[in-house]
Enquirer: 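Could you have a look at this structure, given as structure tokens, before my questions?
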Amino acid sequence: MDQERELTELSGSVDAVIYKNEENGYTVLRLRNENDELVTVVGTIPFAAPGETLLASGQWSTHSVHGRQFKAEFAQRLMPTDEAAIFSYLASGTIRGIGPATASLIVQKFGKRSLDVLENEPQSLASIKGISILKANQMCKSFRQQVGVRRLMEFICSFELRPILAMRLYQYHGDKALELLRENPYILAASHIGGSFYEADRLALDMGLEEQNRSRINAAVLFELRHNLGNGHCFIPREKLTAVTAELIRVEPELVEESIDELIESGLLHYEEIAGQRACYLPELYEAETDTARRLAQLCRGGFREVIDLEALIGRLEESQHIRYAQMQRQTLALALENQVVVLTGGPGTGKTTSIRAILAMFDQLGIRSLLTAPTGRAAKRMTELTGREAATVHRLLGAKFDEDGEHVVFTKNEDQRLECDAVILDECSMVDLPLMDALLKALPPSCRLILVGDADQLPSVGPGNVFSAIIRSGVVPTVRLTEIFRQNEGSRIVRNAHMINKGQHPDFSENTGDFFRLRRMQAGSTVDTVVELCAVRLPGKMHIPPEEIQVLSPTRKGELGTVSLNKRLQEALNPAVKEKREKSFGDAVFREGDRVMQIRNNYDILWHNEDNTNVGMGIYNGDIGRILQIEPAEEYLIVDFDGRIAQYGFDALPELEHAWAMTVHKAQGSEYRAVILALAAGAPMLMTRDVLYTAVTRAKELLILVGDDAVADRMVDNFRPSKRYCALRVRLRAACGV
């Protein structure tokens, strides 16, 4: 080994932890070495705490600001054994519920046995005055969890993997996590854990797995299928699956073919020739696709032939609603009355909301019990505001929760316990993926009506399938296309430009009036400055639009005009650090009291309550927006208010939150905001598309300001990339209907 790379050993006891990053485990600490000197140690040393013994290998270096320090490449840690060190460890606050006073009582009572008691004897701990059995159990649980996570994290870090993976593994698998990981390293790449296949594969190979091992190739095949669900594909053609898997793990295609055959035989992969493709499915996606087609076909065959004077009914509705329905809206009412399933689609300003209100009023007149639902919390809230009727997310409507393993979603409403209603109206249907549509159809009573509403030209669902488009293109479901822009919307430049974009025409930038403005900025830095000024000064001051009613959008997360960078600048301007506001650093982000945040994955287990505790529920969902009310560093939790649903997050759940002054266009789909600022700069062609621009513009209710280079918007209009997804729902639906 090169002399410069020889590692030096350093040992001592941890005196103080100066800095720790809980996301990646990076730590700066003071170590008292064997010569009783205090030295600075930096490196990946997760959960380091005062009092423990550290045996580190690394190199000495001199930092330009912080001086001489030891960079630890490997670290072995031993729990403290003498009473003074145990007290330092417990008094540091590393264990939830134990501070200096409680630490003193524990060490006085149990001495060198204190940590053993904490791990195994909650009853003994409860013998200390002031510690109830409930509190003792909580302390012991916190200690055992920390020990378990630490062992797991040390194992993960020894292979130079991200420590956050250890936290997620322990969250889902508990004390069995390390054993399960040793048995199958590929559990790291599960969606709920968040590791990449490359990380899992590297771990497997480093642990001694052969490159051509069948279990490795099988894992790679299944990974490609699961990974491509996120690209919208329900299946992958066999030849493509073979090629991408062989390239992924650098093995011969023949070995992949053998693995595919083995997976088909074992039932872990479904193979079928359909729509001209040799389709390879994950079994659950095959079942969802075939089941959705079958149930929709049943609805298409259903119908209602009651003798009702429709003209008289519409007349009564118009009188009660103080409105005159257009011809297409009258046609919608007729179809909704006669058919069990109807599709209603149209762009902005074409009357979808008026049509929903009309259908709802008609159903009310006829005594038809209706439920309103939408894919996201914000879309459901908007539906409630527009109709005056309570709407729920599809997940909440169906009672979504995690199964006992905490890995998969199950629904309490299903074919065994159906929804109690006569009709379901589903808005923003373009956002609904195949598994969610399948779950909703299973929960419908046999004679229930289903009204599917959405804009087919918006972005498709993030999940697998292009369900709304496939249903429309099948030609077998009664469909109304609203195309006429109503008079009250004709003056809206947002509506006019949105329709121009949708037709492939460049937006009209010739005037800055009405509700659509563009501020031309040619440099990313000046674009960011303008966005921040609009949010913090100009819109609140000149147009009386408060910052909480402004949403900044960007097509991308990365770069100077990406949401990550924008959120940091917007936080500085809209919620700067002050002494009175507590904050919590996590990774590269700083969460602060008053911050606007967004939930970025469905969590069905979070308990929430309203302000006066008269209503409680479970579940905060992907895309829900909230504000941090309170941060408690000592107790390691924060409280977030999601539009009146108040939820508590432990610090271990922080990966589920991110700042939300700026968000991607994809995340904003299904929502509507009083004012939208769209930050534009050149980006990856797959993100800078016509449907992304169209979706962004149609998120604005009263004001749209496009900041950046006009030419970028024009290129997005010209970049028309219709979503091409491997999905056979249209073919199956037509076949099920005998077409």
Enquirer: What pairs with D624 under salt bridge (charged side-chain N to carboxylate O under 4.0 Å, His left out), at least two apart in sequence or on another chain?
Expert: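 So D624 forms a salt bridge (charged side-chain N to carboxylate O under 4.0 Å, His left out) with R645.
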Enquirer: Once salt bridge (charged side-chain N to carboxylate O under 4.0 Å, His left out) is applied, do any residues pair with D718, and if so which ones, sequence neighbours excluded?
Expert: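 Once residues adjacent in sequence are excluded, D718 has no partner under the salt bridge (charged side-chain N to carboxylate O under 4.0 Å, His left out) criterion.
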Enquirer: Of all residues at least two apart in sequence or in a different chain, which pass the salt bridge (charged side-chain N to carboxylate O under 4.0 Å, His left out) check with D515?
Expert: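 Once residues adjacent in sequence are excluded, D515 has no partner under the salt bridge (charged side-chain N to carboxylate O under 4.0 Å, His left out) criterion.
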Enquirer: Just list the side-chain donor-acceptor pairs under 3.5 Å for residues 614-623, sequence neighbours left out, or say none.
Expert:
from	atom 1	to	atom 2	distance (Å)
T614	OG1	N610	ND2	2.8
T614	OG1	D612	OD1	2.7
N622	OD1	K667	NZ	2.6

Enquirer: Would you say the side chain of V495 lies within less than 4.5 Å of the side chain of F516, judging by non-hydrogen atoms?
Expert: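 No - every pair of side-chain heavy atoms lies 4.5 Å or more apart.
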Enquirer: Does a side-chain heavy-atom distance below 4.5 Å link L419 with C448?
Expert: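 The answer is no, as the side chains (C-beta and beyond) never meet within the 4.5 Å cut-off.
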Enquirer: OG1 of T292 to CZ of R295: how many Å apart, nearest 0.5 Å?
Expert: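 Here the rounded value is 8.5 Å.
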Enquirer: State which residues pass side chain to side chain donor-acceptor pair (under 3.5 Å) with Q327; sequence neighbours excluded, sorted by chain then number.
Expert: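 Side chain to side chain donor-acceptor pair (under 3.5 Å) list for Q327, sorted by chain: empty.
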Enquirer: Rounded at 0.5 Å granularity, tell me how far SG in C727 sits from CD in Q277.
Expert: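 With rounding to 0.5 Å, SG (C727) is 12.0 Å from CD (Q277).
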Enquirer: With T689, which residues qualify under side chain to side chain donor-acceptor pair (under 3.5 Å), at least two apart?
Expert: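 Applying side chain to side chain donor-acceptor pair (under 3.5 Å) to T689 gives D691.
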Enquirer: Could you check whether any side-chain heavy atom of F363 comes within less than 4.5 Å of a side-chain heavy atom of D422, counting everything from C-beta outward?
Expert: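 The answer is no, as the side chains (C-beta and beyond) never meet within the 4.5 Å cut-off.
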Enquirer: Applying ring pair (Phe, Tyr, Trp, His ring centres under 6.0 Å), can you list everything that pairs with H666, at least two apart in sequence or on another chain?
Expert: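 Partners of H666 by the ring pair (Phe, Tyr, Trp, His ring centres under 6.0 Å) criterion come out as none, since no residue qualifies.
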Enquirer: Who passes side chain to side chain donor-acceptor pair (under 3.5 Å) against R481, sequence neighbours left out?
Expert: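 With neighbours one apart ignored, the set is empty.
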Enquirer: Salt bridge (Lys or Arg N to Asp or Glu O under 4.0 Å) with D364: which of R316, R357, R389?
Expert: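 Exactly one option meets the salt bridge (Lys or Arg N to Asp or Glu O under 4.0 Å) with D364, and it is R389.
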Enquirer: Got a donor-acceptor contact below 3.5 angstrom from the T350 side chain to the T483 backbone?
Expert: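 A pair under 3.5 Å: no.
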Enquirer: Do I359 and V342 pass the side chain to side chain contact (heavy atoms under 4.5 Å, CB included) test, and can you show the C-alpha distance, the side-chain angles, and the key distance before you say yes or no?
Expert: CA-CA 11 Å; I359 293 170; V342 173; over 6 Å; no
Enquirer: Check salt bridge (charged side-chain N to carboxylate O under 4.0 Å, His left out) between D455 and all other residues, then give those that pass, not counting sequence neighbours.
Expert: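 Partners of D455 by the salt bridge (charged side-chain N to carboxylate O under 4.0 Å, His left out) criterion come out as none, since no residue qualifies.
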Enquirer: Please answer whether the main-chain N or O of A662 pairs with a side-chain N or O of N567 as donor and acceptor at a distance below 3.5 Å.
Expert: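 Checking the backbone N and O of A662 against the side chain of N567, a donor-acceptor pair under 3.5 Å is found.
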Enquirer: Given the rule in the side chain to side chain contact (heavy atoms under 4.5 Å, CB included) test, do L706 and L680 qualify, once you have shown the distances and angles that lead to the verdict?
Expert: CA-CA 7 Å; L706 191 154; L680 283 183; 3.8 Å; yes
Enquirer: For the atom pair CG (L317) and CD (Q329), what is the distance rounded to the nearest 0.5 Å?
Expert: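 One finds 12.0 Å between CG of L317 and CD of Q329.
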Enquirer: Find out whether R699 and Q458 are in side-chain contact, i.e. whether some heavy atom of one side chain is under 4.5 Å from a heavy atom of the other.
Expert: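 A side-chain contact under 4.5 Å exists here.
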Enquirer: Let's go through D433 and R725 carefully: what are the C-alpha distance in whole Å and the side-chain angles of both, what is the deciding distance for salt bridge (charged side-chain N to carboxylate O under 4.0 Å, His left out) to 0.1 Å, and is it a yes or a no?
Expert: CA-CA 12 Å; D433 63 20; R725 299 183 168 194; over 6 Å; no
Enquirer: With sequence neighbours left out, what residues match R557 under side chain to side chain donor-acceptor pair (under 3.5 Å)?
Expert: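 Partners of R557 under the side chain to side chain donor-acceptor pair (under 3.5 Å) test: E658.
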Enquirer: Is there a side-chain contact between Y281 and I274 (heavy atoms, below 4.5 Å)?
Expert: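 A side-chain contact exists here, since the closest heavy-atom pair is under 4.5 Å.
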Enquirer: Answer yes or no: is there a side-chain heavy-atom contact under 4.5 Å between V341 and I471?
Expert: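 A side-chain contact is absent here, since even the closest heavy-atom pair is not under 4.5 Å.
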Enquirer: My understanding is that only residues two or more places apart in sequence, or in another chain, count here; which of them pass ring pair (Phe, Tyr, Trp, His ring centres under 6.0 Å) with H227?
Expert: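 Only F223 meet the ring pair (Phe, Tyr, Trp, His ring centres under 6.0 Å) criterion with H227.
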Enquirer: Are side-chain heavy atoms of R378 and E428 found at a separation under 4.5 Å?
Expert: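 Contact flag for R378/E428 side chains = no.
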Enquirer: Show me the pairs that pass ring-ring contact (aromatic ring centres under 6.0 Å, His included) and involve residues 719-738, at least two apart or across chains.
Expert: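 Non-adjacent pairs meeting ring-ring contact (aromatic ring centres under 6.0 Å, His included): H233-Y726, F235-Y726.
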